[in-house]
Amino acid sequence: MSEGVFISFEGIDGAGKTSHVEALVQAFRDAGRQVVQTREPGGTPLAERLRELVLHQPMDALTEALVMFAARRDHLGQVIEPGLARGDVVLCDRFTDATFAYQGGGRGFDIAVLEQLERWVQSVDALPAGRLRQPHLTVWFDVPVDVAARRVAAARSPDRFEAETRDFFQRVADGYARRAAADPQRFARIDGAQSREAVREQVLQAVRSRGWLA
Ligand code: TMP
């Protein structure tokens with residue numbers, strides 16, 4: 001049986017990641033792998049309900065962080081861990097780096113609290129005590145804030161995050177850059193300002209270089 005592979009996709013709103021996740025799903029299926037395509041917040045019935053709340057209901061920063069991690073705990077237990085245990089490829093549109101970038105960077109929420117929540121939530125039975133479940137690879141779509149903002153402006157009804165200011169998204173982008181610098185082996189930085197085809201090639205290259213696709 002193949003080893004499970006866990007890949008997350010990150011970037012500020014408007015970074016253009018979603019269509020590239022779809023392309024990668026297809027590439028893995030064409031290679032004969034079982035793929036679980038999922039997203040955060042969300043991916044289970046409970047987490048999708050929490051997603052609706054957190055995207056649309058006003059709440060303070062601690063509540064927001066707790067809801068993100070509550071949704072993540074359910075998602076890990078119901079979807080991600082079972083998928084990895086079967087040897088599937090789990091492709092997840094956003095994971096914990098988003099919490100560090102949005103709640104930590106964007107909202108300026110206490111990073112030490114987020115780190116504690118990360119330790120509680122991402123301790124899983126399949127890993128030895130002290131090791132946390134993290135993606136094997138995080139594909140980070142790095143785009144200038146102004147480019148992303150133009151794409152988001154075209155969206156019909158923005159949610160609580162999409163409605164945020166340029167300064168907020170600059171802090172989110174800086175938050176992603178800090179997470180990437182702290183774990184450079186896990187992150188593949190994609191220059192998301194390039195053409196769609198060039199971005200697609202960079203994403204495939206990041207996966208091929210790990211030996212998961214020929
Ligand atoms: P999406 O539109 O890419 O599905 O993401 C939903 C929004 O939720 C997006 O604006 C980023 C935000 N978000 C957080 O603020 N913290 C998190 O931990 C996650 C997973 C998403």
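Both ligands and their constituent atoms are indexed starting at 1 by order of listing. FYI, the numbering just counts along the sequence from 1.
For Glu52, there are no salt bridge (charged side-chain N to carboxylate O under 4.0 Å, His left out) partners, not counting sequence neighbours.
Each of Asp13, Lys17, Glu40, Pro41, Arg51, Leu55, Met68, Arg72, Arg94, Ala98, Thr99, Tyr102, Gln103, Phe161 has a non-hydrogen atom positioned under 4.0 Å from some atom of ligand 1.
Of the charged side-chain nitrogens involved, at least one lies within less than 4.0 Å of a carboxylate oxygen, so that Arg208 and Glu201 count as a salt-bridged pair. Taking 4.0 Å as the cut-off between side-chain N and carboxylate O, Arg186 and Asp97 count as a salt-bridged pair.
Counting only residues at least two apart or in different chains, salt bridge (Lys or Arg N to Asp or Glu O under 4.0 Å) contacts with residues 12-32 comprise Lys17-Asp93. Applying the salt bridge (Lys or Arg N to Asp or Glu O under 4.0 Å) rule to pairs touching residues 125-137 yields Glu81-Arg133, sequence neighbours excluded.
Between Phe100 and Arg178, every side-chain heavy-atom pair lies at or beyond the 4.5 Å cut-off.
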